[in-house]
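All remarks here apply to the structure that follows.
Throughout, a chain's letter reflects where its sequence line sits, starting with A, and its residues are numbered from 1.
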Amino acid sequence: MPAAIGQELVALLPRLRRFALVLCRSPSLADDLVQSACERALANADSWAPGTRFDAWVFRILRNNWIDHLRRLRTEGMKEDVAAQMEIVGDAGEEPILSRLLLAEVQQIIDTMPPEQREVLLLVCVEDLAYREAAEVLGVPIGTVMSRLARARKRLVEMTAAA
Amino acid sequence: MAQLHFSDEILMAFADGELDEPVAATVEQAMASDLAVAKRVAEFLRSRHLIRSAFPSETASDVPPELRAAVQAQVDRFERHATQPTSSGGGQASQSVPSSGRWRLGMALAASLAALAIATGGYLAGRQGLQPSSSGPIANLTAPEVNRTLSESPSGQDQDLPFGRMRVISTFRMANGPLCREFQLQMPSGTSNAVACRDHDWVITFATASAPTNDPYVPSGGADLMASYLQNAGAGEPLLGSAEMKALSEAQPQR
């Protein structure tokens, strides 16, 4: 019996699109990627194990689609200038407001990181996936998640500490 | 007092609420006694906050209407095909946000210590004198003799070094590939158990040290602590006999 994942999938669209932007850095490509991932998720709804994180499951599908896409195209790039599209919006939570300048700087540092660091930053620091869940999405051992994550975050701290 | 060395990964895992209890408790104790450790944890907390803030917040309005419509159409098509009427019974994604009391306590401690480190760091560090002493076993873990013994000596043999006796306990690979060895260094000033991983040279990734006197501060025995660390770090099965010597003799893979 297929689980009714449709509405959850629609609710997940903004976050799927954000992850897709991190992966491919092109808004139009990101939309295609999200759409193909949703198609595949719907077709394979049975393979999602209830009780596990639905978002992590779809993230993994989306990322696998992206890898497939790269393999088919045998290309790295197709990068549009994504900076113009990605508005820098700080979270309006209870935390102290960071200066727009600092946020812009952090955004820029993240943009220059290798893709394997950017994606793990998003999954753990923004999407709050546990290391183990991120490892499953990325298809790498948990130790790899930890070393990539630690390296990226140390670099970020070092580069912003001078300010 | 126990002296500890923590890798970035372990301190980050603490900041992220990902450590098992025995190791997390040890990190907390180390933070309380060593402001440098507290500062490193605070930096991992800060980086997480910075990254979260810098990513664009995901709002429904960011999704182009065409994309939303296309996905909704896919959903409708699939749900029409579903033989059963869809009840919305299942399927809330379970959030695995860390919520243990330990984790929250750690965060509060990190935040307060970070503030303390900025405000009074020099004063406390000078007053408490908690830096690893230069004659203790921790200070010798990076000595060239230790490095050489790690590269050459099979597990289970004692080696006499100028400053003490060293024994490699086991050899294994971490989940992410590097070859690592657990070893013990005994000196008149105390004993250290440590793990070193090979990255061209041997890099110490974890170490415990205990003074020769009875030390009431060591939480649960170095062996438990080491076992917890190895489990957290994803250590593989020990390499034995010829497999160990073969791994040691292999050239460091280019990374």
Side-chain angles (χ1 to χ4, degrees), chain A residues 1-10 13-15 17-18 31 34-35 38-39 42-43 45 50-56 86-92 95 98 102-104 106-107 110 121-122 124-126 128-131 133 140-144 146-147 149-151 153-154 156-157 160, chain B residues 7-13 15-18 40 43-44 46-64 66-68 70-72 74-79 81-84 86-98 174-178 233-235:
Chain A
M1 182 170 74
I5 64 167
Q7 289 325 301
E8 282 186 58
L9 207 53
V10 172
L13 282 178
R15 289 165 61 206
R17 192 162 178 278
R18 182 169 62 180
D31 289 353
V34 169
Q35 203 177 328
C38 288
E39 179 87 33
L42 286 162
T52 62
R53 283 185 66 151
F54 180 72
D55 52 359
M86 294 176 72
E87 225 183 306
I88 294 158
V89 184
D91 62 356
E95 304 282 351
L98 299 168
L102 177 59
L103 286 184
V106 171
Q107 179 71 56
I110 294 171
L121 285 181
L122 176 83
V124 174
C125 296
V126 184
D128 285 331
L129 263 61
Y131 296 167
E133 292 163 338
V140 298
I142 191 168
T144 306
M146 290 172 72
S147 57
L149 192 59
R151 208 174 312 136
R153 284 162 74 174
K154 275 199 79 164
L156 184 77
V157 165
T160 55
Chain B
S7 67
D8 287 329
E9 281 81 359
I10 288 295
L11 294 185
M12 176 186 74
D16 289 343
E18 292 258 359
R40 287 167 68 203
E43 284 175 351
F44 280 114
R46 174 178 142 87
S47 64
R48 185 171 183 131
H49 175 57
L50 281 179
I51 290 156
R52 178 189 284 276
S53 304
F55 267 91
S57 62
E58 82 291 6
T59 53
S61 61
D62 292 335
V63 177
E66 303 78 29
L67 175 62
R68 178 175 294 276
V71 171
Q72 188 62 57
Q74 289 174 337
V75 168
D76 292 345
R77 200 166 67 244
F78 269 93
E79 295 193 343
H81 283 301
T83 49
Q84 307 246 358
T86 55
S87 73
S88 64
Q92 267 308 333
S94 61
Q95 297 285 322
S96 69
V97 174
M174 288 294 185
N176 55 338

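A:R151 contributes atom CZ, which lies 10.5 Å from atom CE of B:M12 (distance to the nearest 0.5 angstrom). Once rounded to the nearest 0.5 Å, the distance linking CD of B:E43 with NZ of A:K154 reads 8.0 Å. Residue B:L50 holds its CG atom at 12.0 Å from CD of A:Q107, rounded to the nearest 0.5 Å. We find the CD-CD distance between B:Q72 and A:Q7 to be 5.0 Å, quoted to the nearest 0.5 Å. Taking CG from B:D76 and CG from A:L42, the interatomic distance works out to 10.0 Å, rounded to the nearest 0.5 Å.
The shortest distance between side-chain heavy atoms of B:P64 and A:D31 falls below 4.5 Å.
When all heavy atoms of B:V75 and A:G6 are compared, the closest pair comes out as CG1-CA, 3.4 Å. Heavy-atom minimum distance, B:A13 versus A:M146: CB-CE, 4.0 Å. B:R52 approaches A:V126 most closely through the heavy-atom pair NH1-O, 3.7 Å.
Remark: side-chain polar atoms of A:E39 are not paired, donor with acceptor, to backbone N or O of B:Q74 under 3.5 angstrom.
Residue A:V140: no heavy atom, backbone or side chain, is found under 4.5 Å from chain B. Neither the backbone nor the side chain of A:A56 comes within less than 4.5 Å of any heavy atom of chain B. Interface remark: B:M174 contributes no atoms to any contact with chain A (heavy atom separation under 4.5 Å). Only the side chain of A:R17 comes within contact range of chain B, with heavy atoms under 4.5 Å apart.
Highest contact tally toward chain B, considering only A:L13, A:L121, A:V34, is held by A:L13 [criterion: heavy-atom pairs under 4.5 Å]. Ranked by non-hydrogen atom pairs under 4.5 Å with chain B, the options A:L9, A:I142, A:I110 are led by A:I110.
Residues passing the salt bridge (charged side-chain N to carboxylate O under 4.0 Å, His left out) test with B:R48 are A:D128, B:D16, sequence neighbours excluded. Every residue two or more places apart in sequence or in another chain was checked for a salt bridge (charged side-chain N to carboxylate O under 4.0 Å, His left out) with B:E9, and none qualifies.
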